[in-house]
Each structure stands twice: as C-alpha cells, then as structure tokens.
Amino acid sequence: MVDLPFDIWWKVFEILPPDARVHFRAVNRLFLEIARRVQYRHLVIDGYGKRTKRLMKTINSLSLGYHVQSLHIQPWAVSNLPSAKAYLGPGGRVSSVFDHLHSFFDSDFPTRRAEALVRERMRKQIRLVKETAGMLRFVQEYSLEWNVDRPYHPELFTAFLSLVDVSPFGQTLTKLSLKVPTDRLICLASVKLPALEQLDLQLVTMSLSERCINDCFDCFAVFVNNLCPTLSSLSVSSSHISLNLNLYRLFYLLGDFPHLRSLAVTIPYDGAHFSSLDSLQFFIRKHRQTLQELKLLCNRSAARTRPNDPCAKYWIQRTITDVCAFGNLTNLSTIELSLRPLRSELTPFLTFLASAANQLESLTLTDDALTPEEVERVLDAVTCRIPAGSTNRSSASYCNLGYLAIRLQYLCPFTIDLFASRLCLLRSLKLTFSDVRLHHRDEVQLSYYAYAYFEELRLFYAEMNSRWYPEWKLSSLAVSECPYRFEWGRDLEKVFTKCIPTLDSFKVF
C-alpha cells in the first residue's frame with residue numbers, strides 16, 4: 001500500500017461513495033478507522049425505523065461514539081397502532097379476542113390502549129437515544145429541529161433537550177441550534193454548558209399567548225445569561241406563524257456578553273414581533289465594542305392579532321440609525337441587511353455602511369433589487385477616502401471589501417465596470433439578477449420574444465468580450481440562473497473568465 005499521510009487518506013475517503021467505503025474499510029486498521037470517522041462524524045436521528053435503530057445499537061455495542069462530532073435530532077410521531085406481530089400465534093389471537101370484548105363493554109378502551117402503547121414506545125425510544133447520547137463524548141454541534149407541519153410529542157422534545165445536561169457532550173458542546181416548541185424552552189433554565197460559543201434559536205410560538213411566551217423567555221434567559229463567559233455568536237429568528245410573539249421581552253432580559261462577536265436577528269419584515277425596538281437597540285449598543293458581525297434580516301409577514309405600528313416595518317432602518325446616533329460599531333467587519341420595505345429610502349442603509357467602511361470586509365444586501373445608480377451609491381458608501389496630506393498619493397480612495405452579495409434589477413457592463421474599478425481587492429462576488437441589458441440607462445422594456453432576448457444577450461457578450469480587468473483580484477463569482485429558459489451560465493463563464501484574469505471559480509445558483 002502507498003504510504004500516504006493520514007490527512008490525504010481522509011480526503012480520499014471523503015469523496016468516496018458510501019458503498020465503496022464499506023469495501024475499503026476491510027483492507028486494514030487504518031482504512032477501518034478513517035471509514036468509521038467519515039461515516040459517524042455526523043449523526044442524524046430523524047425517525048425510529050429499522051435503519052436508525054440498527055445505527056444506534058451499532059454505536060453502543062462497538063463504542064463508536066467518540067467518532068461523532070455533530071448530532072442532529074428531528075423528533076418524530078410515534079405510532080399508536082399495534083405491530084403486526086402482536087396478534088400472531090395462539091396468544092395473539094386470544095389477545096385480539098379480549099381486545100374486542102373490552103371494546104364492546106368499554107367504548108374508551110381503544111383510546112386508552114393506544115395512549116398506553118404510545119407511552120410505552122416513547123419510553124423505549126427515548127431510552128435508546130439516551131443510551132446512544134451517553135456514548136458521545138466529543139460532540140461539538142447539536143441541533144434539535146421541529147418539523148412544524150407534523151404532529152409532535154412534547155415528551156420527546158423535553159427528553160432530547162435534556163441530553164445537553166445529562167450526556168457527556170454537554171462539556172464539549174460549542175454550537176447549539178434549537179427549533180423547538182417554545183413552551184419546551186423552560187427545560188433549559190438550569191442547564192449550564194461551559195464551552196458553548198454559538199447559539200441559534202428559531203422561535204415558532206404558534207398560538208401561544210403572549211403571557212405564556214414571556215414566562216418561557218424568563219426561564220430561557222437564565223440559560224442564555226449563564227453562557228456569558230463563552231458566548232460569541234447569537235442568532236434569533238421568528239416565523240410568520242408566531243402569532244403573539246414579542247421579542248422585546250427576550251432582549252430586555254439578556255445581559256452582557258463580553259465575547260459576543262456575532263448577532264443575527266430575523267423576523268417578519270413588518271416588524272410585528274417587536275412591540276418596541278428599545279431592548280434590541282440597547283443590546284446592540286452594549287456590545288458595540290465587540291460585535292464584528294451584524295445581520296438584520298426579514299422573512300414572510302406575520303399574521304397580526306393586534307394593531308401594528310405603521311412604522312414597525314422600518315425596524316431595520318430605525319435600528320441602524322440608532323447605532324449610528326450612539327457611536328459606531330468599531331470592530332464591525334461583516335454586515336448582512338434586508339433592504340426592506342422594498343423601494344424604501346436607502347439613506348439610512350448608506351449612512352450605516354459608510355460608518356463601518358474602514359473595517360468592512362463582507363457585505364450582503366438581500367430582498368430589494370438595485371439599479372446601477374443605486375449600486376453606485378452603495379459603492380460610494382463603502383469606499384474610504386484618503387485624507388488630504390496622506391503619504392499615500394497613489395490613489396484617492398480604497399475599499400477593503402473581500403466579499404459582496406447583492407441583488408440587481410439587471411446586469412449590465414456599467415455595473416461590472418463599477419465593481420472592477422471600486423472593489424479592486426474583492427475576492428468573492430455573488431450576483432442575483434433576472435435580466436441582462438447592454439445599457440444601464442435604457443428603461444425600455446424588451447418584448448421577451450426569444451429572438452429579441454437572444455440578440456440582447458449577444459450584444460452584452462460582445463461588449464464584455466471587449467473589456468479587460470487586469471487590476472481586479474476577483475477569484476470567485478456566482479450568478480443566478482436565467483428565468484427565461486436560457487442557459488446563460490456557460491456563456492457568462494466564458495465571458496468573465498476571459499475579462500477577469502484572476503477568476504478561478506464560477507458558479508450558477
């Protein structure tokens with residue numbers, strides 16, 4: 001056998017299909033060890049079928065838990081139907097007869113029997129999961145996900161939340177992702193995770209009352225505040241089916257986190273999940289010296305159970321305006337913002353970007369599609385001007401951006417010229433657009449017959465083939481798919497590879 005370093009064999013096994021790994025692991029002990037690490041490093045338990053039971057029993061019997069680095073559990077619905085084996089043989093037939101007799105004299109008997117069967121099965125299933133979790137000593141990432149479209153058993157969520165407290169990996173866990181029924185969060189009040197650095201919370205409150213939700217936040221905030229010594233990343237998101245949710249209470253209860261580097265908040269774009277932004281704004285201000293990454297994002301609008309403030313939809317603008325008013329985030333290097341509401345005034349966004357331009361390395365702007373003129377305003381905001389009298393006289397401005405993701409109304413040569421001239425140090429660019437035009441000031445809409453659009457594309461390609469960007473350091477470019485049944489990815493790749501000499505990665509998403 002060729003004597004290669006362990007890391008190289010690891011990479012080889014990563015790209016092998018699962019069937020091939022089964023054959024290779026029988027070659028020697030080294031291959032067996034690598035194959036097991038690749039196979040068991042990500043453990044997913046999303047049901048209780050034969051495959052999952054066999055997998056957990058194998059981990060328990062062969063003590064393979066030390067290979068598992070991440071654990072993902074999606075609780076399932078436990079069947080209340082008796083198995084086919086229950087009525088096999090003479091004993092099964094007798095049992096079936098007695099069940100029918102009980103049902104005849106007691107109409108509630110089938111319901112009680114089904115409930116008892118579910119409880120017994122849940123006990124067995126929880127026991128096996130806990131036994132498996134007891135073998136996992138080096139798990140660093142744990143995610144518990146609720147499929148809101150399916151019925152669920154609260155007992156399963158309670159049991160699986162308790163794993164972080166009763167299992168050995170509670171001492172090694174660095175990332176915890178939770179999407180659970182909100183009333184189950186109270187189980188975490190007494191839990192302490194000494195190594196946790198990242199917490200991702202997805203709230204789905206359904207029709208829970210605001211009082212009940214706030215009571216849950218009181219308990220959950222105790223758990224989060226106990227993470228004070230280690231927490232570096234906090235993400236809170238809510239969905240449109242959370243009817244009575246008010247996140248003001250949660251952020252009001254959160255304390256200081258001296259090592260917090262990243263904050264992400266995602267709520268419905270109408271801002272209905274904040275009765276007041278004071279607590280969120282104060283939380284950001286408290287951590288303005290440590291925050292390096294800020295994400296304020298939107299999703300689908302929520303159903304309303306009470307009158308909503310007409311200005312609530314401007315929650316992102318109001319938050320970043322408050323940040324600028326009370327002092328800049330001095331270490332902020334990554335920004336991700338939803339430009340909501342659509343077609344709103346860009347001035348608050350641009351003012352905020354300008355305040356962070358000196359240290360900004362990554363920028364993502366979602367939702368609203370920008371015109372070339374608006375793109376130019378964004379680039380003006382993130383461009384730093386060199387003060388008069390500076391010793392560096394080679395250029396009057398510079399931009400530190402290394403990554404940019406932006407949505408365009410249409411792609412045109414003028415926009416590419418802007419990126420190349422203003423963002424010389426940009427390494428990675430992601431563009432979302434649905435149209436390609438030759439001239440950025442042409443407001444005439446094309447009649448999208450095939451020949452007309454094909455001609456516009458041809459002219460665009462010809463124009464871009466005449467361009468050359470030798471100073472642009474771009475190495476990765478991703479563009480969106482064409483919505484008009486044209487496969488423009490291959491042609492765009494040829495064009496951009498030719499005019500950007502440093503480009504080595506092109507993707508269509």
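Since the model is a prediction, treat every value here as computed from it, not as a measurement. Numbering of residues begins at 1 and proceeds along the displayed sequence. Excluded from the calculations below are hydrogen atoms, water molecules and symmetry mates; all remaining heavy atoms, backbone and side chain alike, are included.
Looking at heavy atoms from C-beta onward, L296 lies out of side-chain contact with F352 at the 4.5 angstrom threshold. The side-chain heavy atoms of I241 and V148, taken from C-beta on, include a pair separated by under 4.5 Å. In this structure, the side chains of L477 and L474 come closer than 4.5 Å at one or more pairs of heavy atoms. At least one side-chain heavy atom of I284 sits under 4.5 Å from a side-chain heavy atom of T319. Using a 4.5 Å cut-off on side-chain heavy atoms (C-beta onward), I73 and L71 make contact. With contacts defined as side-chain heavy-atom distances shorter than 4.5 Å, the pair P258/L260 does not qualify. T366 has its side chain out of reach of L339: every pair of non-hydrogen atoms, C-beta onward, lies at least 4.5 Å apart. In this structure, the side chains of D165 and L193 stay at 4.5 Å or more apart for every pair of heavy atoms.
Between the CG atom of L337 and the CG atom of L353 there is a distance of 6.5 Å, given to the nearest 0.5 Å. Taken to the nearest 0.5 Å, the OG atom of S279 stands 8.0 Å off from the CG atom of L250. To the nearest 0.5 angstrom, E155 atom CD is 10.5 Å from R123 atom CZ.
Donor-acceptor pairing under 3.5 Å is lacking for the side chains of S333 and E361. Defined by atom type and a distance below 3.5 Å, a donor-acceptor pair is missing between the side-chain atoms of N244 and S209. Between S232 and R261, the side chains place no donor N or O within less than 3.5 Å of an acceptor N or O (distance only, hydrogens not considered). Side-chain atoms of Q125 and W76 include a donor-acceptor pair closer than 3.5 Å. Side-chain atoms of T182 and T205 form no donor-acceptor pair, as typed in the model, at a separation below 3.5 Å. S344 and Q317 are linked by a side-chain donor-acceptor pair at a separation below 3.5 angstrom, with hydrogens and angles left out of the test.
Heavy-atom minimum distance, L379 versus T383: O-OG1, 2.5 Å. Considering all non-hydrogen atoms of both residues, I316 and L297 come closest at CD1-N, 4.5 Å. Taking all atoms of both residues into account, the shortest heavy-atom contact from L332 to Q359 is O-CG, 2.6 Å. In this structure, L203 and S242 approach most closely via the heavy-atom pair O-OG, 3.4 Å. Smallest separation of non-hydrogen atoms from H273 and S239: CE1-O, 3.2 Å. L136 and P168 get closest at one heavy-atom pair: O-CB, 3.9 Å.
At least one donor-acceptor pair under 3.5 Å links the side chain of T230 to the backbone N or O of L196. A distance-only check finds a donor-acceptor pair linking the side chain of N225 to the backbone of G255 [under 3.5 Å]. No donor-acceptor pair closer than 3.5 Å links the side chain of D322 to the backbone N or O of R318. With hydrogens and angles ignored, the 3.5 Å screen pairs no side-chain donor or acceptor of T52 with any backbone N or O of I45. Of the possible donor and acceptor atoms, none in the side chain of N299 sits under 3.5 Å from a partner among the backbone N and O of H240. Put simply, the side chain of S301 never gets that close to the backbone of P268: no donor and acceptor are under 3.5 Å apart. Put simply, the side chain of W472 gets close to the backbone of L423: a donor and an acceptor are under 3.5 Å apart. Looking at K130, its side chain never comes within 3.5 Å of a backbone N or O of A159 through a donor-acceptor pair. No side-chain donor-acceptor contact under 3.5 Å links S167 to the backbone of V164. A donor-acceptor pair under 3.5 Å links the side-chain atoms of D270 to the main chain of A272, judged by distance alone.
The one candidate from F274, F251, Y248 that meets the ring pair (Phe, Tyr, Trp, His ring centres under 6.0 Å) condition with F283 is F251. Partner of F169 under the ring pair (Phe, Tyr, Trp, His ring centres under 6.0 Å) criterion, out of Y142, F138, Y66: Y142 alone. Partner of W488 under the ring pair (Phe, Tyr, Trp, His ring centres under 6.0 Å) criterion, out of F506, F460, F433: F433 alone. A side chain to side chain contact (heavy atoms under 4.5 Å, CB included) with L404 is found for one member of L426, L431, T364 and no other, namely L426. S70 pairs in a side-chain hydrogen bond (donor to acceptor under 3.5 Å, both in side chains) with only one of the listed residues (E141, H42, R41), which is H42. Just one of D278, D218, D215 meets the salt bridge (charged side-chain N to carboxylate O under 4.0 Å, His left out) condition when paired with R249; it is D218.
Residue pairs meeting the ring pair (Phe, Tyr, Trp, His ring centres under 6.0 Å) criterion with at least one partner in residues 171-212, sequence neighbours excluded, are absent.
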Next on the checklist: Working note: E374 + R377, criterion salt bridge (charged side-chain N to carboxylate O under 4.0 Å, His left out); need CA distance, chi angles, decisive distance, verdict.
Outcome noted: CA-CA 5 Å; E374 289 170 334; R377 292 177 63 193; 5.5 Å; no

Checklist entry - Should L408 and T415 be marked as a side chain to side chain contact (heavy atoms under 4.5 Å, CB included) after you check the CA-CA gap, both sets of side-chain angles, and the distance that decides it? => result CA-CA 9 Å; L408 308 174; T415 307; 4.2 Å; yes

Item to check | R340 and D367: CA distance, side-chain angles, deciding distance, salt bridge (charged side-chain N to carboxylate O under 4.0 Å, His left out) verdict | outcome: CA-CA 7 Å; R340 286 280 192 156; D367 286 336; 3.3 Å; yes

Next on the checklist: If you apply the rule salt bridge (charged side-chain N to carboxylate O under 4.0 Å, His left out), what do you find for E115 with R113, and how did you get there?
Outcome noted: CA-CA 5 Å; E115 292 174 351; R113 177 178 171 79; over 6 Å; no

Checklist entry - Would K179 and D200 satisfy salt bridge (charged side-chain N to carboxylate O under 4.0 Å, His left out), going step by step from the backbone distance to the final call? => result CA-CA 8 Å; K179 183 181 180 181; D200 183 354; over 6 Å; no

Checklist entry - Taking it one step at a time, do V139 and Q69 satisfy side chain to side chain contact (heavy atoms under 4.5 Å, CB included)? => result CA-CA 4 Å; V139 172; Q69 298 178 2; over 6 Å; no

Next on the checklist: Run R184 and T158 through side chain to side chain donor-acceptor pair (under 3.5 Å) and show every step you take.
Outcome noted: CA-CA 6 Å; R184 298 297 95 189; T158 301; 2.7 Å; yes

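Within a 6.0 Å radius of OH in Y403, more than 12 heavy atoms belonging to other residues, nucleotides or ligands are found. Environment of CZ in R137: sparse, with no more than 12 heavy atoms of neighbouring residues, nucleotides or ligands closer than 6.0 Å. Around OH of Y152, the count of heavy atoms belonging to other residues, nucleotides or ligands within 6.0 Å exceeds 12.
For E145, there are no salt bridge (Lys or Arg N to Asp or Glu O under 4.0 Å) partners at least two apart in sequence or on another chain. Looking at residues two or more places apart in sequence or on another chain, you find no side chain to side chain donor-acceptor pair (under 3.5 Å) involving N400.
Under the 6.0 Å distance and 45° angle rule, K430 counts as a cation-pi partner of F509.
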